[in-house]
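Structure record follows, encoded as structure tokens.
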Amino acid sequence: MMMKAPVGGAKHQLLPSCSLLAILVALALPSQAEAAGTRAGSTISNTASASFDTGGGTTTIDSNRVDLLVDELLDVTVASNNPADVPTTPGATAQVLSFSVTNNGNGVESFRLSTVANVGGDDYDPAVTQLYIDNGDGVFDPATDTLYIPGANDPELEPDESVTIFVIATTPGSVVDGNRGIVSLIAAAVTGTGAPGTAFPGQGEGGGDAVVGATGADGTDNGAFVVSAATVTLVKSAVVTNPLGTADPIPGATITYTIVATVAGSGSVSGLAITDNIPANTSYVASSMTLGGTPLSDAVDADAGDFNGTRINVVLGTIAGGQTRTVTFRTTID
Amino acid sequence: MRNTLFLLLAALLPGQALAANHVALANDVFVERVTTDTQGKQRILLEEPKVVVPGDRLVFVLNYRNAGAQPADKFVITNPLPDAVRFADAGDTRPLVSVDGGQAWGQLDELTVAQPDGTRRPAQPADVTHLRWAFQKPIPAGATGKLMFRGVVK
């Protein structure tokens with residue numbers, strides 16, 4: 001097997017320095033950082049050996065040893081954990097975006113976090129109130145996650161370690177359905193940031209330098225809210241009938257009221273109820289309430305309607321945008 | 001470059017080894033640094049590093065010299081690859097390589113690597129653990145030569 005090596009011959013100056021350099025230049029590719037990699041502060045040692053026979057049997061010698069200290073590479077990436085825009089509503093507080101911050105460097109490093117809400121390309125600026133550091137379960141819970149205080153508890157990450165960061169924001173009350181609001185989370189190596197290759201002498205893990213990697217030692221990504229609001233429109237109409245067969249509102253005439261609730265928008269409304277006082281000088285006609293054509297009893301019971309002597313009340317609950325509900329009841333003119 | 005290398009060689013040669021064996025082997029490691037000049041042209045410089053970072057491309061240069069009066073026969077140079085270095089290439093010096101810690105040797109395209117499922121796949125440069133150059137002819141007295149290979153800091 002070893003005889004296959006083609007190296008050797010009369011002239012042993014195999015690769016003159018100048019041609020070596022030329023080959024290197026031709027083959028060279030830009031260096032590329034990879035995730036984590038050799039731990040900062042470790043030493044790469046290289047020693048070669050040669051064996052030969054000058055007539056007195058095989059002799060083996062070692063070359064000199066070259067030691068290279070591995071510096072700390074500063075690299076970080078930020079990625080949004082939200083697969084799509086996060087729904088919100090006008091004026092809503094404690095709205096949550098989730099991000100992952102990953103140390104792509106090869107040494108332990110702390111990262112300073114910040115947000116930018118006025119990045120542009122959206123319709124409004126969410127008001128960021130807090131950042132929280134996840135406790136590891138990936139679910140935001142202010143009781144168990146840690147409130148982030150810049151400079152006090154900058155997350156410290158081992159090489160390749162990730163942490164989930166929650167951005168808490170308030171949605172302005174002025175936004176309307178369909179508006180988007182973007183928040184950028186930025187993570188920057190506490191040791192320093194800058195152009196790739198920028199060195200911070202002596203500040204690397206293990207005593208070497210810290211060197212800015214391909215990411216510039218800072219990372220950013222966007223997360224977005226989308227306003228999913230709904231509006232309710234109520235339209236009330238009345239029809240009068242009387243024993244004379246006309247539409248005149250005379251004593252004894254019956255007034256049929258129709259209230260149509262229309263919900264519009266991409267969101268939904270919850271807790272919707274229709275309440276209407278019985279007008280003076282009229283009397284509610286017992287058991288005359290309907291919802292969507294279905295009769296409702298006057299008692300407070302399993303169905304949605306009740307009459308308490310002065311007003312009717314129909315509980316509609318949560319209604320999605322694009323739907324309508326029709327309530328009717330009758331009164332007589334005293 | 002040539003002068004620099006010769007100076008390094010002279011500085012690194014262990015005097016005792018010379019006296020005892022008459023053959024010397026010097027080992028130098030350089031890092032390729034890519035810089036972009038003001039015209040936007042990329043230039044590749046070989047530097048002798050004290051420190052490196054993951055992703056750096058290293059050039060290992062081995063200089064040998066038979067300083068004795070006798071030819072050196074069965075001349076073999078072996079370089080175990082440091083764990084933190086991924087083999088890239090050896091220029092046109094075509095070394096034998098091992099992908100199993102120095103047990104079996106061959107050209108890279110002849111070797112295979114066992115996979116977890118029991119099958120074997122062709123060896124890749126990243127699998128290389130050792131390099132070896134075995135010379136077919138004796139190294140004449142006074143002859144010198146140079147070998148090189150490249151790797152990337154993992």
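Each chain gets a letter, A, B and so on, in the order its sequence line appears, and its residues count up from 1.
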Check against side chain to side chain contact (heavy atoms under 4.5 Å, CB included), A/Leu68 and B/Leu58: CA-CA 11 Å; A/Leu68 302 175; B/Leu58 303 178; 4.0 Å; yes

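Two residues are said to be in side-chain contact when any heavy atoms from C-beta on lie closer than 4.5 Å; A/Phe52 and B/Val76 fail this criterion. Taking the side chain as every heavy atom from C-beta outward, B/Val153 and A/Ile44 approach each other to under 4.5 Å. Side-chain contact between B/Val51 and A/Val70: absent, with no pair of heavy atoms (C-beta onward) separated by less than 4.5 Å. Contact annotation: the side chain of A/Asp71 never approaches that of B/Val52 to less than 4.5 Å [non-hydrogen atoms, C-beta and beyond]. Side chains of A/Ile61 and B/Val23 form a contact here, defined as non-hydrogen atoms less than 4.5 Å apart.
More than 12 non-hydrogen atoms from other residues, nucleotides or ligands lie less than 6.0 angstrom from CZ of B/Arg121. The environment of B/Asp73 atom CG is dense: over 12 non-hydrogen atoms of other residues, nucleotides or ligands sit within 6.0 angstrom.
Rounded to the nearest 0.5 Å, atoms OG (A/Ser63) and OH (B/Tyr64) are 14.5 Å apart. The CG atom of B/Asp83 sits 9.0 Å away from atom OG1 of A/Thr38, with the distance rounded to the nearest 0.5 Å. Atom OG1 of A/Thr47 sits about 8.0 Å away from atom CG of B/Asn79, to the nearest 0.5 Å. In this structure, CG in A/Asp53 is found 5.0 Å from NZ in B/Lys74, a value given to the nearest 0.5 Å. Distance check: A/Asn46 CG to B/Leu81 CG gives 7.5 Å after rounding to the nearest 0.5 Å.
Scanning both residues, A/Ser45 and B/Pro82, for their nearest heavy atoms gives O-CG, 3.2 Å.
Looking at B/Leu131, there are no atoms closer than 4.5 Å to chain A (heavy atoms on both sides), in backbone or side chain. Heavy-atom distances place the side chain of A/Asn106, and not its backbone, under 4.5 Å from chain B. Both the backbone and the side chain of A/Ser49 have a heavy atom closer than 4.5 Å to some heavy atom of chain B. Contact of B/Pro80 with chain A is made through backbone and side chain together, with heavy-atom distances under 4.5 Å.
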When the side chains of residues 185-194 of chain A are checked against the rest of the protein, which donor-acceptor pairs come out under 3.5 Å, sequence neighbours left out?
| from | atom 1 | to | atom 2 | distance (Å) |
| --- | --- | --- | --- | --- |
| A/Thr191 | OG1 | A/Glu109 | OE1 | 3.0 |
| A/Thr191 | OG1 | A/Glu109 | OE2 | 2.9 |

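A search for side chain to side chain donor-acceptor pair (under 3.5 Å) contacts involving B/Arg33 returns B/Glu47, B/Asp56, not counting sequence neighbours.
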